[in-house]
Number of protein chains: 2
Amino acid sequence: MRYSKQRELILQTVKYSKSHPTADDVYHLLKAQNPDLSLGTVYRNLNHLASQGEIYRIEVMGDSDHYDGNMEMHFHMSCKACKRVMDIPHDVAPDLKEKAELKTGYQIDSYDIAFSGICDKCQKLN
Amino acid sequence: MRYSKQRELILQTVKYSKSHPTADDVYHLLKAQNPDLSLGTVYRNLNHLASQGEIYRIEVMGDSDHYDGNMEMHFHMSCKACKRVMDIPHDVAPDLKEKAELKTGYQIDSYDIAFSGICDKCQKLN
DNA sequence: ATCAATAATAATAATTATTACTATTTATAG
DNA sequence: CTATAAATAGTAATAATTATTATTATTGAT
């Protein structure tokens with residue numbers, strides 16, 4: 001994989017953001033300072049970076065994909081109220097791979113937990 | 001919600017299928033015997049039935065949504081080889097709601113685990 | 001049973017997210 | 001420095017799903 005200024009910008013944007021941005025978010029965040037950035041480039045590089053394990057792809061029910069630069073094992077919750085994506089620590093569900101393999105005989109390569117609920121801030125606004 | 005023959009057919013197809021069909025699968029399964037069934041009707045009713053808690057929507061990474069008529073709490077694995085969706089029993093991860101709420105302070109309304117791996121049949125074909 | 005009200009439908013158009021294509025630009029090995 | 005191939009911008013295309021609209025069918029009241 002050859003260096004490109006665009007990929008570097010995209011990677012940094014995802015790494016330094018705490019908001020789990022979508023492809024479109026990344027595009028708009030960068031477009032102001034980089035007027036000839038192309039949306040296709042953002043998609044291509046997010047895919048590339050995700051498949052290289054440099055960033056994490058978060059699938060949100062009925063929403064576009066989000067991305068996370070934090071590669072420590074953890075999960076996510078989509079807040080029904082503000083629609084933001086929040087982090088959930090990994091230790092709510094350790095050993096899931098081993099347990100599922102034992103129960104089923106399938107070979108588990110990966111898994112992801114998609115939580116849905118109401119975040120702390122939105123609970124207070126009630 | 002008023003009765004319709006189409007909704008009944010769609011519900012029965014999902015309930016009696018063990019293959020976790022997609023909207024398009026349901027459409028094609030029924031289309032032969034019901035030539036003027038519309039794909040939009042299938043989508044509308046699958047959404048309706050899922051929101052009423054009569055069937056379960058399964059989101060598969062990079063694939064269209066699948067549906068499951070088995071409403072007992074359980075999870076799914078998408079087989080990387082044959083692309084089929086397999087069941088994973090609920091007891092691989094009990095108490096996940098409570099654990100996540102304690103750890104985070106968020107209100108968890110639901111969660112789903114998406115496993116990815118190789119099913120028993122595909123393992124043998126190696 | 002008949003009939004109006006309105007929910008559901010079929011057919012089609014539109015939308016949204018994402019990927020593919022193509023000509024041009026740019027990183028980098030030699 | 002230059003040739004090569006990977007990456008890009010800009011645009012077109014695709015796939016999944018949702019919206020629109022005119023028609024049909026269910027149901028509750030007469």
Side-chain angles (χ1 to χ4, degrees), chain A residues 1-14 19-52 54-68 76 78 83-85 112 114, chain B residues 1-14 19-52 54-68 76 78 83-85 112 114:
Chain A
M1 181 154 59
R2 196 159 73 170
Y3 175 87
S4 85
K5 188 188 166 202
Q6 290 88 337
R7 172 151 54 239
E8 191 59 36
L9 288 167
I10 291 163
L11 177 58
Q12 294 311 316
T13 301
V14 175
S19 66
H20 309 98
T22 64
D24 206 59
D25 292 338
V26 172
Y27 176 67
H28 284 105
L29 283 166
L30 289 171
K31 186 72 173 176
Q33 303 303 322
N34 305 271
D36 47 9
L37 178 68
S38 175
L39 182 57
T41 296
V42 175
Y43 272 103
R44 185 164 17 77
N45 280 295
L46 289 172
N47 280 335
H48 221 135
L49 292 164
S51 72
Q52 299 289 113
E54 298 209 55
I55 62 174
Y56 199 77
R57 189 199 312 271
I58 309 166
E59 305 230 326
V60 177
M61 166 95 152
D63 189 5
S64 27
D65 290 352
H66 291 240
Y67 294 87
D68 192 339
H76 296 96
S78 168
K83 306 295 179 194
R84 286 182 307 165
V85 172
D112 192 28
Chain B
M1 181 155 59
R2 196 157 74 170
Y3 175 87
S4 84
K5 188 188 167 201
Q6 291 88 337
R7 178 175 309 121
E8 190 60 37
L9 287 168
I10 291 162
L11 177 58
Q12 294 311 317
T13 300
V14 175
S19 65
H20 309 97
T22 64
D24 205 61
D25 292 338
V26 172
Y27 175 67
H28 284 105
L29 282 166
L30 289 171
K31 186 70 173 176
Q33 305 301 322
N34 306 271
D36 47 9
L37 177 69
S38 174
L39 181 57
T41 297
V42 175
Y43 271 104
R44 184 165 16 77
N45 281 295
L46 288 173
N47 279 336
H48 220 135
L49 292 164
S51 73
Q52 299 289 115
E54 299 210 54
I55 62 175
Y56 198 79
R57 190 198 313 272
I58 310 166
E59 305 229 327
V60 178
M61 164 94 154
D63 190 5
S64 26
D65 291 351
H66 291 240
Y67 294 88
D68 192 338
H76 296 96
S78 168
K83 306 294 179 195
R84 286 182 307 166
V85 172
D112 192 29

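Quick note: numbers below take in every heavy atom, side chains included, and nothing from hydrogens, waters or symmetry partners. Numbered from 1 within each chain, the chains take letters A, B, ... in sequence-line order.
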Legend entry - Nucleotide of dA17(C), dA8(C), dT17(D) approaching S64(A) most closely (side-chain heavy atoms): dA17(C)

Inset, instruction - Only counting residues at least two apart or in another chain, list the ones meeting salt bridge (Lys or Arg N to Asp or Glu O under 4.0 Å) with D65(A). - result: R57(A)

Legend entry - Side-chain donor/acceptor contact of R2(A) with base of dA7(D) under 3.5 Å: no

Nearest-Å distance, [atom1] ([X]) to [atom2] ([N])?
{"X": "Y3(B)", "N": "dT24(D)", "atom1": "OH", "atom2": "C1'", "value": "15 Å"}
{"X": "M1(A)", "N": "dA5(D)", "atom1": "CE", "atom2": "C1'", "value": "16 Å"}
{"X": "E8(B)", "N": "dT26(D)", "atom1": "CD", "atom2": "C1'", "value": "14 Å"}
{"X": "K5(B)", "N": "dT26(D)", "atom1": "NZ", "atom2": "P", "value": "10 Å"}
{"X": "Y67(A)", "N": "dA17(C)", "atom1": "OH", "atom2": "P", "value": "13 Å"}
{"X": "R7(B)", "N": "dT24(D)", "atom1": "CZ", "atom2": "P", "value": "20 Å"}

Inset, instruction - Using only side-chain N and O atoms of Q6(A), determine if any of them is under 4.0 Å from OP1 or OP2 of dA9(D). - result: yes

Inset, instruction - Check step by step if side chain to side chain contact (heavy atoms under 4.5 Å, CB included) holds for L49(A) and V14(A). - result: CA-CA 10 Å; L49(A) 292 164; V14(A) 175; over 6 Å; no

Inset, instruction - Please tell me which of R57(B) and S4(B) maps to the more 5' nucleotide of DNA chain D, matching each residue to the nucleotide holding its nearest heavy atom. - result: R57(B)

Inset, instruction - May I ask you to test the D112(B)-E59(B) pair for a side-chain heavy-atom distance under 4.5 Å? - result: no

Inset, instruction - Indicate yes or no for a side-chain donor-acceptor contact from H66(A) to the backbone of I58(A) under 3.5 Å, with no hydrogens or angles considered. - result: no

Legend entry - R7(A) side chain to R2(A) backbone, donor-acceptor under 3.5 Å: yes

Inset, instruction - Answer yes or no: does atom CD of Q52(A) have more than 12 heavy-atom neighbours from other residues, nucleotides or ligands under 6.0 Å? - result: yes

Legend entry - Interface with DNA chain D, restricted to residues 24-50 of chain B and to heavy atoms under 4.0 Å: Y43(B), N47(B)

